[in-house]
Trainee: 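Attaching a single structure in structure tokens format; questions to follow.
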2 protein chains.
Amino acid sequence: MHLVACMMRGMALEHAILVSLAEKSASGYDLARRFDKSIGFFWKATHQQIYKVLARMEGDEWIAATPVEEPGRPAKKVYALTPTGRAELARWTTEPTPIETLRSEFAVKIRGMNFGDRGAVVVDIARQRERHVDRLAYYEADCTKHFPDPTALGDADLPAYLVLRGGIRTEQTYIDWCDEMLTALGHEKETR
Amino acid sequence: MHLVACMMRGMALEHAILVSLAEKSASGYDLARRFDKSIGFFWKATHQQIYKVLARMEGDEWIAATPVEEPGRPAKKVYALTPTGRAELARWTTEPTPIETLRSEFAVKIRGMNFGDRGAVVVDIARQRERHVDRLAYYEADCTKHFPDPTALGDADLPAYLVLRGGIRTEQTYIDWCDEMLTALGHEKETR
DNA sequence: AGATACATGTAAAATGTTACATGATTTT
DNA sequence: AAAATCATGTAACATTTTACATGTATCT
């Protein structure tokens, strides 16, 4: 009997990398930086993880590397999609996306606050709120910068814009939720 | 040189289980069912994972098992927090929660839609929207059932209520985002 | 008779995180 | 002279997912 050559895989980081490389060819290092911003807003990856997956994807011939040497710089390998990679990316877009399972340690902590230090949890909520205010400001600046006129968006720009809109909505929701909790937990009475 | 006895661990599922057992003692099987609903709305875990972590937590003496035999049923082990477990849970509530990193395959797919089948992605958006409509309805029913009068909530009920509110806000946001995308992608024109 | 609920696990594979490792160049 | 940026990886460990494994009791 033959072994099945193409094992089922999580198909997660692979596809995020395919999308990123489809937008623009890049080295592992470049990708690592992209996963710290833009794409990284909704999919995080460290450079170690990226190099490993990149090697696997090169083995599967989804991508191909071109060595690039610039004087006064370490040599780098710039990856680009192969026809196989482009086909895989196209195939993946036709697949129904599994429903997202949210996994929130913060929510677990809220739920457990009566079994510990309630005051500390309230402080933590206020802290989380601040982080999300920061992120919202960052996203909105990004949105204004890249899409100054959202009514005049072309087909090419629409996807990135819509994803950013999702980020903005998510952050706003987080902030509103924190506010609701802080009010319910009597934070207002203490600070005013 | 001595080895550090208490290795740093993800401290993720452990604490979700501590919270759940603090609310009410349970067997692995009971916990698996809770992680399919209530607690599972914001933290998923399979029974295999739960049994493994439960064994580890018992080894660390965070929890202790009592065998319970009911006639006509397989024997089960009911776990309860030990004083050590209760202390660990309390300690954890004082820790600042790491900022959540959202990881959304759906967002990656939106971003990549120009490199594949745009129509299929639009169908996928509509499908995701439906799922979130279902979840929202489920959460709202749950909320009405358990907290018919949110203005008269006691301290004991507040955490579970606030977490549910987070779930409701999250689902509503998802739906609104899907609507924004469907409109932007010209879905309305096609269907009316 | 077959499906579902109850009940608990082991094993293998995939994925992700943290620590370690190296070395050149540019900025402070 | 030290720190940060550029550039690529290996190794160890932890976590998560999927498949396998077993057996009773109840419901349809």
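All chains are named by letter (A, B, ...) in the order of the sequence lines, taking the proteins before the strands, and each is independently numbered beginning at 1.
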Trainee: Give a yes or no answer on whether the side chain of A:Lys109 reaches the backbone of A:Ser104 with a donor-acceptor pair at less than 3.5 Å.
Mentor: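 No, because the side chain of A:Lys109 does not come within donor-acceptor range (under 3.5 Å) of the backbone of A:Ser104.
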Trainee: Given A:Leu158, which partner from the list B:Ile110, B:Asn114, B:Leu185 fulfils the side chain to side chain contact (heavy atoms under 4.5 Å, CB included) test?
Mentor: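 One option only clears the test, and that one is B:Leu185.
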Trainee: Between D:dA7 atom C1' and A:Ile50 atom CD1, what is the distance in whole Å?
Mentor: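 Rounded to the whole Å, the gap is 13 Å.
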Trainee: Given D:dT18, C:dT18, C:dT8, which nucleotide is nearest the side-chain atoms of B:Thr46?
Mentor: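 Given the options D:dT18, C:dT18, C:dT8, the side chain of B:Thr46 is closest to D:dT18.
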Trainee: What is the distance from CD1 of A:Ile17 to C1' of C:dT15, rounded to the nearest Å?
Mentor: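 Rounding to the nearest Å, CD1 of A:Ile17 and C1' of C:dT15 are 13 Å apart.
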Trainee: Once you round it to whole Å, what is the distance between C1' of D:dA14 and CD of B:Glu14?
Mentor: 10 Å
Trainee: Would you please indicate yes or no on a ring centroid separation below 6.0 angstrom for A:Tyr138 and A:Phe41?
Mentor: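 Yes: the rings meet the under 6.0 Å criterion.
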Trainee: When all nucleic acid strands are considered with a 4.0 Å heavy-atom cut-off, which category describes A:Ala75: base, sugar-phosphate, or nothing?
Mentor: sugar-phosphate
Trainee: In whole Å, I'd like the distance from the CD atom of A:Glu70 to the P atom of C:dT26.
Mentor: 12 Å
Trainee: Do the side-chain N and O atoms of B:Glu88 and B:His15 include a donor-acceptor pair separated by under 3.5 angstrom?
Mentor: yes
Trainee: Could you state the NE2-P distance from A:His15 to C:dA14, rounded to the nearest angstrom?
Mentor: 16 Å
Trainee: Tell me what B:Lys77 touches on the nucleic acid: a base, only sugar-phosphate, or nothing, going by heavy atoms under 4.0 Å.
Mentor: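 It contacts sugar-phosphate atoms only.
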Trainee: To the nearest Å, give me how far apart CD (A:Glu69) and C1' (D:dA7) are.
Mentor: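 In whole Å, D:dA7 C1' lies 12 Å from A:Glu69 CD.
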Trainee: Once you round it to whole Å, what is the distance between C1' of C:dG16 and NE2 of A:His47?
Mentor: 13 Å
Trainee: I need the residues from residues 19-45 of chain A with at least one non-hydrogen atom less than 4.0 Å from DNA chain C; give them sorted by number, or say none.
Mentor: none
Trainee: Given the side-chain rings of A:Trp92 and B:Phe115, with only the six-membered ring counted for Trp, is the space between their centroids under 6.0 Å?
Mentor: no
Trainee: Both B:Lys52 and A:Lys52 contact DNA chain D. Taking the nearest nucleotide for each, which residue is further toward the 5' end?
Mentor: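 On the 5' side of the pair lies A:Lys52.
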Trainee: Report the nucleotide, chosen from D:dC6, C:dC6, D:dT17, that has the shortest atom-to-atom distance to any side-chain atom of B:Arg73.
Mentor: C:dC6
Trainee: Check for me whether the distance between the ring centres of B:Tyr79 and B:Trp62 falls short of 6.0 Å.
Mentor: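 Ring-ring flag for B:Tyr79/B:Trp62: false, centres at least 6.0 Å apart.
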Trainee: Does A:Gln49 place a side-chain N or O at less than 4.0 Å from the phosphate oxygens OP1/OP2 of C:dT17?
Mentor: yes
Trainee: Rounded to whole angstrom units, what separation is found between the CD atom of A:Glu58 and the C1' atom of D:dG9?
Mentor: 14 Å
Trainee: Within the pair A:Arg56 and C:dA14, is there a side-chain N or O less than 4.0 Å away from OP1 or OP2?
Mentor: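 False: A:Arg56 side-chain N/O out of range (4.0 Å or more) of C:dA14 OP1/OP2.
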Trainee: Could you go step by step and tell me if B:Asp30 and B:Ser27 meet the side chain to side chain donor-acceptor pair (under 3.5 Å) rule?
Mentor: CA-CA 5 Å; B:Asp30 297 331; B:Ser27 68; 3.0 Å; yes
Trainee: Nearest to the side chain of B:Gln48, which nucleotide is it out of C:dG23, D:dT8, D:dA19?
Mentor: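 Closest of the options to the side chain of B:Gln48: D:dA19.
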Trainee: Just to confirm, is there a sub-4.0 Å distance from OP1 or OP2 of C:dG9 to any side-chain nitrogen or oxygen of B:Tyr51?
Mentor: no
